[in-house]
Amino acid sequence: MNICSEILDRHLGSETINQIAVRTLGPYWPSEPDQHDLTYADLIEESCRFADLLRTLNLRKGERVFSLLPRKLELFISFLGTLRAGGVFSPLFCAFGPEPILARMVRGEAKILVTRTSDYLKKISPIRHQLPQLRNILLINDDPAQSEKIEGTLDFHQAVRQSSSALFTTETNDEDLALIHFTSGTTGRPKAAAHVHAAAKFHRLSGQKALDLRSRDIFWCTADPGWVTGISYGVISPLANGVTMIVDECEFQAQRWYQILQNCAVDVWYTAPTALRMLVKAGQELASQFEFTKLRFAASVGEPLNPEVIYWARKHLNITIHDNWWQTETGGILIANMPGMKVKPGSMGKPLPNIEVRIGNRQKNNAIEWIDTPGVHGEIAIHKGWSSMFRDYLGDSDRYAKCFSQDWYFSGDLAYRDRDGYYWFVGRADDVIKSSGHLIGPFEIESVLMEHPSILEAAAIGIPDPVAGEIVKAFVALKPEFQPSEDLNSDILAFIRSRVGPTMAPRQIAFIDDLPKTRSGKIMRRLLKARELGLPEGDLSTLEAFT
């Protein structure tokens with residue numbers, strides 16, 4: 001099995017082959033006809049050309065191709081062509097700064113990178129010398145002033161045009177590595193979740209069951225392909241189900257989003273709670289100017305969906321938002337408010353068919369304490385066996401093993417089940433920060449902060465935000481020769497934004513004399529968060545002196 005064949009070549013000989021597969025909307029849409037379409041036949045041809053290019057670059061089966069690209073056709077071509085060639089694809093979020101990019105490319109052993117000229121000059125060039133394993137860089141020139149070829153790079157479009165479009169697919173097996181998705185933990189470096197080609201089976205079926213995808217639907221998944229949702233349900237599932245995907249090249253604009261839903265006649269819409277809250281913030285007067293007569297099904301993922309948003313959408317958009325739950329590690333939707341189900345606002349829904357979910361607590365010696373009483377909190381556990389489950393954390397198999405007890409994957413998310421079998425999210429067992437649908441690991445932020453010449457120690461937490469869900473707040477202890485000031489605060493914020501990008505950077509900096517730590521030296525982020533929000537501080541028996 002090969003994901004590319006499973007989602008593209010399966011349409012050869014069918015009516016779907018001449019249907020539009022991807023429609024990208026440029027920045028001048030809808031005032032100008034700024035859109036670009038590729039049919040399924042076009043995607044097959046372009047993916048074959050890119051795969052042939054990778055062969056000429058001597059990419060061996062299992063080697064890694066990274067992308068640092070916005071939502072453009074070249075990203076889809078690179079992804080599909082890499083899998084067709086037997087390579088492993090890893091997408092990077094385009095707003096990352098140099099440090100997060102470097103950490104992920106080193107961890108993933110990147111051999112080839114596809115990016116834009118502008119991003120190369122700003123983000124890759126400064127770290128290029130730290131990537132000796134990177135053999136080739138394919139550039140999409142988006143900088144009119146940069147007319148000359150940059151040494152050590154290839155022109156993406158020229159190289160693809162010169163490659164063969166002959167149909168071929170490198171033979172891969174179900175369990176061969178296909179994708180690396182990075183997800184931040186609360187300590188240590190980013191986790192690299194490994195997914196295999198067999199995942200496409202689950203993506204196709206879960207798209208039908210959880211998102212009501214049907215052949216010839218117009219489907220809009222707003223997630224960036226730099227994150228797992230943007231690949232699993234922004235590329236694989238829709239193509240496998242023969243739909244037309246809408247891809248917006250621009251960032252969120254409330255009026256534009258309404259225009260897309262209306263003018264593109266979207267049948268199924270998959271988005272994030274942050275975006276929905278921003279639509280609420282834009283007001284009902286704007287919403288009332290549009291009609292969504294074709295919109296059959298709408299769903300949300302990324303963080304718990306506030307009941308108030310569901311009520312608002314029902315009243316002002318005449319649609320019901322169906323929340324669902326899954327993780328980078330699960331690779332696909334496991335719990336959902338499926339079509340035909342009664343939606344309980346605030347609930348993530350019920351498990352998909354053939355997915356066995358329980359609430360439990362892990363005990364010593366690999367034992368499990370199962371919780372069968374409705375309303376009692378515990379950790380979400382899923383019985384192994386679904387094909388999109390991750391197969392490893394690259395370079396950290398011990399951490400991978402700790403995710404399992406017996407034949408159950410323990411998610412780290414706390415929830416409870418009600419008497420009707422619906423699941424309700426409670427919170428994360430660790431302290432990962434969820435901001436605008438993105439997962440941000442505090443340790444990664446803290447490590448970069450401590451590179452600032454004034455900072456001795458740093459800790460990052462998430463604090464509630466009505467739009468983003470959470471924003472990052474950093475607590476910093478200064479070196480003795482420095483004193484807190486507004487100028488230093490501004491300098492630190494500018495420094496961290498330049499290193500990790502605006503999405504991951506703290507919005508607030510607080511100066512503090514000492515950070516709370518255990519006697520073993522571990523920073524207690526939960527205590528910082530509790531005191532910040534006025535919450536119970538819990539057990540402080542391991543805390544060293546702190547005021």
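A quick note: this is a predicted structure, and the numbers were derived from the prediction, not measured. Worth knowing before you read on, the calculation uses all heavy atoms, side chains too, and leaves out hydrogens, waters and symmetry mates.
D267 places no side-chain N or O within donor-acceptor distance of the main-chain N or O of D217, the cut-off being under 3.5 Å. T115 places a side-chain N or O within donor-acceptor distance of the main-chain N or O of L68, the cut-off being under 3.5 Å. Using a distance-only test at 3.5 Å, with no hydrogens or angles considered, a donor-acceptor pair links the side chain of T330 to the main chain of G332. With hydrogens and angles disregarded, a donor-acceptor distance shorter than 3.5 Å links the side chain of D418 to the backbone of D420. Judged by distance alone, the side chain of E63 and the main-chain N or O of V88 form no donor-acceptor pair under 3.5 Å. Counting only distance, with no hydrogens or angles, the side chain of K123 and the backbone of F96 share a donor-acceptor pair below 3.5 Å. For the pair H197 (side chain) and I3 (backbone), a donor-acceptor distance under 3.5 Å is present. A distance-only check finds a donor-acceptor pair linking the side chain of S163 to the backbone of A159 [under 3.5 Å]. At least one donor-acceptor pair under 3.5 Å links the side chain of T170 to the backbone N or O of A85.
With 3.5 Å as the limit, one finds a donor-acceptor pair spanning the side chains of N324 and Y270. Side-chain polar atoms of S118 and D143 form no donor-acceptor pair below 3.5 angstrom. Counting only N and O atoms by type, the side chains of S47 and R84 include a donor and acceptor under 3.5 Å apart. A donor-acceptor contact closer than 3.5 angstrom links the side chains of H203 and S232. Defined by atom type and a distance below 3.5 Å, a donor-acceptor pair is missing between the side-chain atoms of T169 and N2. Between E74 and H157, the side chains place a donor N or O and an acceptor N or O closer than 3.5 Å (distance only, hydrogens not considered).
To the nearest 0.5 angstrom, L179 atom CG is 11.5 Å from R64 atom CZ. With values rounded to the nearest 0.5 angstrom, R391 atom CZ is found 11.0 Å from D176 atom CG. Taken from SG in C48 to CG in L167, the straight-line distance is 4.5 Å, to the nearest 0.5 Å. In this structure, T24 OG1 and I246 CD1 are separated by 9.5 Å, a value rounded to the nearest 0.5 Å. Here OG1 of T244 is found 7.5 Å from CZ of R23. Values are rounded to the nearest 0.5 Å. Atom CD1 in I20 sits 11.0 Å away from atom CZ in R216 (nearest 0.5 Å).
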query: Given the rule in the side-chain contact (heavy atoms from CB on, under 4.5 Å) test, do F182 and T328 qualify, once you have shown the distances and angles that lead to the verdict?
result: CA-CA 8 Å; F182 286 90; T328 301; over 6 Å; no
field: Working for side-chain contact (heavy atoms from CB on, under 4.5 Å), residues W227 and H181
entry: CA-CA 7 Å; W227 306 102; H181 288 297; over 6 Å; no
message: Run the side-chain contact (heavy atoms from CB on, under 4.5 Å) test on I7 and L80 for me, step by step, so that the C-alpha distance in whole Å, both residues' side-chain angles and the decisive distance to 0.1 Å come before the verdict.
response: CA-CA 9 Å; I7 66 178; L80 295 165; 3.6 Å; yes
field: Working for side-chain contact (heavy atoms from CB on, under 4.5 Å), residues W386 and L205
entry: CA-CA 11 Å; W386 73 99; L205 293 174; over 6 Å; no
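At a threshold of 4.5 Å between non-hydrogen side-chain atoms, the residues L113 and L138 do not count as touching. No side-chain heavy atom of N318 sits under 4.5 Å from any side-chain heavy atom of F292. No side-chain heavy atom of I335 sits under 4.5 Å from any side-chain heavy atom of Y422. Within the 4.5 Å cutoff, side-chain heavy atoms of T183 are placed close to those of E329. With a 4.5 Å cut-off on side-chain heavy atoms, P345 and R314 count as touching. Between V114 and F66 there is no side-chain heavy-atom pair separated by less than 4.5 Å. At least one side-chain heavy atom of F89 sits under 4.5 Å from a side-chain heavy atom of S78. Residues P70 and R116 are in side-chain contact: their nearest non-hydrogen atoms beyond the backbone lie under 4.5 Å apart.
For Y233 against C221, the heavy-atom pair with the smallest separation is O-CB, 3.5 Å. Counting all heavy atoms, side chain and backbone alike, L352 lies closest to I333 at CD2-O, 3.5 Å. Taking every heavy atom of both residues into account, A21 and L239 meet most closely at CB-CD2, 3.9 Å. A pairwise comparison of heavy atoms in E470 and K434 identifies OE1-N, 2.9 Å as the closest pair. Taking each heavy atom of W29 and I260 in turn, the nearest pair found is CZ3-CG1, 3.5 Å. Minimum interatomic distance between P502 and R497 (heavy atoms only, all atoms of both residues): CB-NH2, 3.5 Å.
Other residues, nucleotides and ligands place no more than 12 heavy atoms under 6.0 Å from the CD atom of E285. Counting heavy atoms of neighbouring residues, nucleotides and ligands inside a 6.0 Å radius, atom CD of Q508 exceeds 12 of them. For K209, the NZ atom is loosely surrounded, since the number of other residues' heavy atoms within 6.0 Å does not exceed 12. The local environment of CZ in F168 is crowded, with over 12 non-hydrogen atoms from other residues, nucleotides or ligands closer than 6.0 Å.
Salt-bridge formation is detected for the pair K201/D174: a Lys NZ or Arg NE/NH1/NH2 atom is positioned less than 4.0 Å from an Asp or Glu carboxylate oxygen. With respect to the salt-bridge test (charged N to carboxylate O, under 4.0 angstrom), the residues R277 and E308 do not qualify. The existence of a salt bridge linking D52 and R49 is excluded, since no basic side-chain nitrogen approaches an acidic carboxylate oxygen closer than 4.0 Å. A salt bridge links E6 with R204; the closest basic N to acidic carboxylate O contact falls under 4.0 Å.
Here the two rings, on W269 and F297, have centers that are 6.0 Å apart or farther. Side-chain rings of F425 and W325 stay apart, their centers remaining 6.0 Å or farther from each other. Between F202 and W326, the distance from one ring center to the other does not fall under 6.0 angstrom.
Among the candidates K72, R71, R256, the single residue satisfying the salt bridge (charged side-chain N to carboxylate O under 4.0 Å, His left out) test with E249 is K72. The residue from T82, N136, I137 that alone fulfils the side-chain contact (heavy atoms from CB on, under 4.5 Å) condition with I112 is N136. Checked against T222 for a side-chain contact (heavy atoms from CB on, under 4.5 Å), the options D248, V247, L276, T271 give a single hit: T271. Results of the side-chain contact (heavy atoms from CB on, under 4.5 Å) test with I445 over E99, M504, R499 single out M504 as the only residue that passes.
Ring planes of H316 and W312: tilted class, angle from 30 to 60°.
By the 6.0 Å and 45° rule, R10 does not stack over the aromatic ring of Y40.
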